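Inspection log for the structure reproduced underneath, given as structure tokens.
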Amino acid sequence: MDFRKILLISDFDFTLTDEDRSIPEANLEAIRRFMAGGGKFCIGTGRGREIIRPQLQQVEGNAPCVI
């Protein structure tokens, strides 16, 4: 699928993550497929970088994050 004209911004808590703040592999795989189709992905959250740093390292976005 062609996602070249789409920017997907995901909230962090309970949108991208599970209740235990882990990121399900299915979400990570969906993000990889989306970006492989040309889409731009980033995180948009009110949380500080230090709070989400461990999980943020798992997500390889290709657009600037809004933190």
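These numbers come from a predicted model, not from an experiment.
For the side-chain contact (heavy atoms from CB on, under 4.5 Å) test with Gln58, the passing option among Asn27, Thr17, Ile23, Leu16 is Ile23; the others fail.
Using a 4.5 Å heavy-atom cutoff, the side chains of Ile43 and Asp11 are not in contact. Taking the side chain as every heavy atom from C-beta outward, Asp13 and Arg47 approach each other to under 4.5 Å. Ile31 has its side chain within reach of Val59: a pair of non-hydrogen atoms, C-beta onward, lies under 4.5 Å apart.
Looking at every heavy atom in both residues, Pro64 comes nearest to Cys42 through O-CB, 3.2 Å. Of all the heavy atoms in Lys40 and Ala63, the pair that sits closest is CB-CB, 4.3 Å.
Listed for the Asp2 side chain is a donor-acceptor partner under 3.5 Å among the backbone atoms of Arg4.
Side-chain heavy atoms closer than 4.5 Å link hydrophobic residues (I, L, V, M, F, W, Y) into clusters, and following such links, possibly through other members, connects Phe12 to Leu28. Under the 4.5 Å side-chain contact rule for hydrophobic residues, Leu8 and Met1 share a cluster.
Atoms CG and CZ, on Asn62 and Arg32 in that order, are 13.0 Å from each other to the nearest 0.5 Å.
Annotation for Glu25: atom CD counts as buried by contact number, over 12 foreign heavy atoms lying within 6.0 Å.
The stretch residues 27-67 participates, sequence neighbours left out, in these ring pair (Phe, Tyr, Trp, His ring centres under 6.0 Å) pairs: Phe3-Phe34.
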